[in-house]
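Computed from a predicted model, the values in this text were never measured in an experiment. Each residue takes its place number in the sequence, starting with 1.
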Amino acid sequence: MIETNRPAAAPAEDEPDLLRDQFRQLLRYRRLIGAGIGIGLLGGVYLGISTADTYVATADIVLRAPTDDPFNPSLAPDKAINIGSERQVALSSSIANEAAKKLGVSAAGFAALRSGLQVTNPPQSMVLRFTYTASSPKEAAKRANAMTEAYLLKRQEALDLTRDQMVKGYQDQRDPVNKQLDDVVKQINSMPAGPARDGAYASKTDLQSKANTLSNNIAKLQALDMTPGRVTSAATAPHAPDGPGIPLSLALGAAVGLALGLLAAWVRLVFDPAPRSEGDVARALRAPVLGYLPRDKTGGGPLLAAGEADPRLAEEYRSVAFRLAYDSRFADRRRLLVVAPRGSSETAAAVAVNLAASFAETGKDVLLIEADLRTPVLASQLPTDAGGRPRWSQMPGGPAAGGRSPQHGESDWPDGRQLVVDAGESGSFDLIPGERVRNVARALTSPRATRLVSEADSPNSTVVVLAPPVLSYADALALVDRVDGVLVVCDPRAVHRTDLSRIRELISGAGGTVLGAVLHTPLPGEKRGRVKGRGKGGTAEAEPAEPSGPGRAATKPQPIPYEVAEPEQHIPGDGSDTVALRTVRTGRR
């Protein structure tokens, strides 16, 4: 017996899950749905109020065709009567004029009298239904009956006029024939017997036959039953308004408004360029969504989430680190590059710092490299202390441990400075702070930066690199071939699906791999492409300014001065600006 492999059937819950996901996506546009419901309720209120004093009376008429034998089954009324034409006649101004005379309506009210009438024909019937709408029940019934009577009267007059004209026509044809017949009779009486008299008799017979035929036609027309129809249901005064009432109108309006709102939300969803779900993000990046950071209730609290009052954020970071640790692509090299698509990289910095703390909590030697050489802020926002020297700094000709080159230049970073970050209960990890340099690309691709990233090759070591937004600068792409694994941090409502696809193409083209994505909600006070300042600075563009820190004044972005550092000049992150963990707030990047 040969067993045939058949494709497994889709799980029964796939379709309900898809429907639930689509419904959740529609609920993202609550304002559109609410606006639709509001418009529907307003329409329902208008409908209820406008029909509150509207009364409708109805009268039915069955039409009849003229006949000499109403019981003859061979006569088809629908063949003799064009019901569509009769309906147009019932709506004509002549019927309305006749009804206005009977009702005593003036010329000023003639248009209103005619506009209140509707005439319909039920299917497969010879019935005309007169429906009249008025503001009073008695007036509606009175005018409906007046319209039916006026129609029957006009139809009776039309039928009588047609019969009288036909009778007159036959009589006009018969009178000359009768005159000729009388003349022939007189001739016959005066003529002797013979062939001439026989010819006169033949002519008399023909004339008599014509006269009889015309007389029979006249008799048939005069014998016709010319009843135009009969009223089967006279109009009576209605007991209640025709409108649905305020409660039912509101219910109908709410239902229609909900349908309109859902339709508008669906149209908005179809044309929305932003990812509509975590599945859209995963399909655009071709990588899984490793976590979704909950909304920070502290309004942008400390950069380190460990030990906060709300433990959900710290647990989410631990969950992301756990998933990365069991990813074979990351476990082979243990080098992670954390980037944002564009705009602010504040959340990307928080993800890099907390992932470093989570890896340190598992007992690994973690090195966090701040490769954002344009707006470096980690040293001023983390509790740091001077640490040991990096291994690569011991190379001949390298800068001294913890020292700084006397002149700011292209080779200032990395300069061998290494700080230790106290992550509280999670332990500690090393930080290579960023520094502003003249040539960022050369600093990132320098041999010293390459050897610094290769620290992950040591046993039980992990390197986390923080880079500027990948679509704003090419800095991250310069590090991709050294790091391989990339973690994208983004707000799904502030990024387009095309942006995510472009990030994947850029990283793949540079020889790297997207390990996954971490999603987050909008930052407090932040809108798409703009970040609201926290002080007197007002609003600032997504291009960040240098954040405030101990010993540093908050200023707008200025050109980087490349001067010799004075001895009394304060250097952020040199170990003298250590502050408490739970009092430091994240800056705007």
Side-chain angles (χ1 to χ4, degrees), residues 9-52 54 241-297 312 316 341-343 347 488-504 517-530 532:
E13 66 273 11
D14 281 355
E15 186 174 352
D17 288 345
L18 180 61
L19 293 176
R20 281 191 293 268
D21 182 61
Q22 292 177 349
F23 184 73
R24 284 194 297 268
Q25 293 172 18
L26 288 177
L27 292 182
R28 291 172 52 186
Y29 308 103
R30 296 182 181 88
R31 293 184 180 179
L32 283 176
I33 298 176
I37 295 177
I39 293 174
L41 290 176
L42 290 177
V45 170
Y46 174 77
L47 177 64
I49 294 176
S50 61
T51 58
T54 300
D242 181 63
I246 294 294
L248 184 56
S249 297
L250 289 176
L252 292 175
V256 174
L258 178 60
L260 290 177
L262 290 176
L263 178 60
W266 178 79
V267 173
R268 179 68 178 86
L269 180 65
V270 169
F271 292 99
D272 189 4
R276 295 173 290 185
S277 63
E278 295 183 7
D280 285 353
V281 176
R283 283 188 291 270
L285 290 174
R286 295 184 185 176
V289 175
L290 300 179
Y292 202 124
L293 302 182
R295 184 179 299 275
D296 188 2
K297 297 180 180 180
R312 297 180 305 157
E316 187 65 26
R342 63 171 78 246
T347 306
V488 180
V489 181
C490 66
D491 175 12
R493 300 188 183 185
V495 68
H496 293 177
R497 292 189 295 271
T498 54
D499 293 340
L500 297 178
S501 299
R502 184 184 174 195
I503 289 174
R504 173 182 53 80
V518 174
L519 308 182
H520 64 89
T521 55
L523 297 176
E526 179 180 293
K527 295 183 179 179
R528 295 191 180 188
R530 303 187 68 89
K532 186 177 180 181

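- With Arg493 contributing its side chain and Thr521 its backbone, the two residues share no donor-acceptor pair below 3.5 Å.
- The two residues His520 and Pro492 make their nearest non-hydrogen contact at O-CD, 3.5 Å.
- Side-chain contact between Thr498 and Pro273 is absent, with no heavy atoms from C-beta onward closer than 4.5 Å.
- Summarising the geometry of Tyr29 relative to Ala265, their closest heavy-atom pair is CD1-O, 3.9 Å, with the distance given to 0.1 Å.
- Separation of atoms CG (Leu47) and OG1 (Thr54) is listed at 9.5 Å; rounding is to 0.5 Å.
- Scanning both residues, Cys490 and Pro341, for their nearest heavy atoms gives CB-CG, 3.5 Å.
- Atoms CG and CD1, on Leu32 and Ile37 in that order, are 11.5 Å from each other to the nearest 0.5 Å.
- For Glu316 against Gly291, the heavy-atom pair with the smallest separation is OE2-CA, 3.1 Å.
- For the side chain to side chain contact (heavy atoms under 4.5 Å, CB included) test, residues two or more places apart in sequence or in another chain that qualify with Leu250 are Leu41, Val45, Ile246.
- Side-chain contact between Ile33 and Leu258: present, with at least one pair of heavy atoms (C-beta onward) separated by less than 4.5 Å.
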Assess the residue pair Asp499 and Arg502 against the criterion (salt bridge (Lys or Arg N to Asp or Glu O under 4.0 Å)); give the C-alpha distance rounded to whole Å, side-chain angles, the decisive distance to 0.1 Å, and a yes or no. CA-CA 5 Å; Asp499 293 340; Arg502 184 184 174 195; 5.7 Å; no
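- Note that CZ of Arg286 and CG of Leu500 are 12.5 Å apart. Values are rounded to the nearest 0.5 Å.
- In terms of heavy-atom proximity, Ala284 sits nearest to Arg504 at O-NE, 2.9 Å.
- Remark: Leu519 CG to Thr347 OG1 distance equals 11.0 Å, nearest 0.5 Å.
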